[in-house]
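Working notes, beginning with the structure itself.
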Number of protein chains: 2
Amino acid sequence: MDRISLQNLTIEQLFNYNKLMDTKKIEMPDTTLLYDLSDFFKLMGDSTRIQLLWALEENEMCVGDLANLLNMTKSAVSHQLKILRSAKLVKAEKRGKNVFYALSDHHVKTILEMALEHLNEG
Amino acid sequence: MDRISLQNLTIEQLFNYNKLMDTKKIEMPDTTLLYDLSDFFKLMGDSTRIQLLWALEENEMCVGDLANLLNMTKSAVSHQLKILRSAKLVKAEKRGKNVFYALSDHHVKTILEMALEHLNEG
DNA sequence: TTGACAGTTGAATAGTTGTTCAACTATAAT
DNA sequence: ATTATAGTTGAACAACTATTCAACTGTCAA
């Protein structure tokens, strides 16, 4: 069956359409859920944070090393790490003068690889 | 072996560290790749676009219907659809007065579900 | 204790981005 | 032909965000 626009329907047509939708159980998920989803992707939607996650995927590292690796100031890196930390994607541990950061979530790698696969096939 | 900070190393220690890194083949991927990755996530990092993708996952739909479903103006929806379209995530087909949009990529659903799973377990 | 280094923080700035508004095109109906 | 509807577009505005800068804390070494 061809899809139709709800905008052009008579009352009766709209009624039938609604019945159809009922039987197919088409429904939007909770709005807050979609907001959480987009918030999560927003975290990944920044090249600095992606690079940080990628680097920490391989190595536990401290702020200065990450700053060297990405050619950024320690301040900028620290700001972004704080965001990743408050989202519970990385965890920090202080040892002496250094603060070492590590991934706290194993899903991240999977999602990164998933997206890479998408990009490669596109 | 405990991780160390490159910042505190002597030349000799740094040399040994580099040898270690060589054997472990730790390397950052091409920078442009990570930029593509974050660009992709940036697309998903907006609740309007996530809702559009979610809706189109179930239904091919036209602009007015999507606008009704999300309680937005047709203009706002059209702008966002244009972004999704230029990223080749949706495709458009004009039929009569309507323009019907549909997902053009099957990876999207998988990635959405992946992220949802992550959110549920967190 | 003093100096040096690692990292954090808040304010300021510059760049980005989503929505609105108004004007426009194109299709269908009377 | 005229009118109404569906959708697109560009400019303008407001909100958001990443980086920089300067000041600060805490730790180690001399």
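If you're wondering where the values come from, they're calculated on a predicted model, not measured in any experiment.
- Considering only side-chain N and O atoms, Lys82(B) lies under 4.0 angstrom from the phosphate OP1 or OP2 of dT9(D).
- Between Lys91(A) and Glu93(A) there is no salt bridge, since no side-chain N of the basic residue sits under 4.0 Å from a carboxylate O of the acidic one.
- Ser104(B) contributes a side-chain N or O that, together with a main-chain N or O of Lys88(B), makes up a donor-acceptor pair within less than 3.5 Å.
- One atom, NZ of Lys74(A), and another, C1' of dT20(D), lie 15 Å apart when rounded to the nearest Å.
- The base of dC21(D) is not paired with the side chain of Thr73(A) by any donor and acceptor separated by under 3.5 Å.
- Per the geometry, CZ belonging to Phe41(A) stands 18 Å off P belonging to dT17(C), to the nearest Å.
- One interatomic measurement links the two molecules: CD1 of Ile83(A) to P of dT19(D), which rounds to 9 Å at whole-angstrom precision.
- Across all strands, Arg85(A) comes closer than 4.0 Å to no nucleic acid atom at all (heavy-atom distances).
- When each of Val77(B) and Gly45(A) is assigned the nucleotide of DNA chain D bearing its nearest heavy atom, the one mapping closer to the 5' terminus is Val77(B).
- Residues Ala55(A) and Met61(A) share a closest heavy-atom pair of CB-SD, 4.4 Å.
- Separating the CE atom of Met72(A) from the P atom of dT8(C) is a distance of 13 Å, rounded to the nearest angstrom.
- Among the nucleotides dT19(D), dG26(D), dC21(C), the one closest to the side chain of His79(A) is dT19(D).
- Following rounding to the nearest Å, Tyr35(B) (OH) and dA18(D) (C1') show an atom-to-atom distance of 12 Å.
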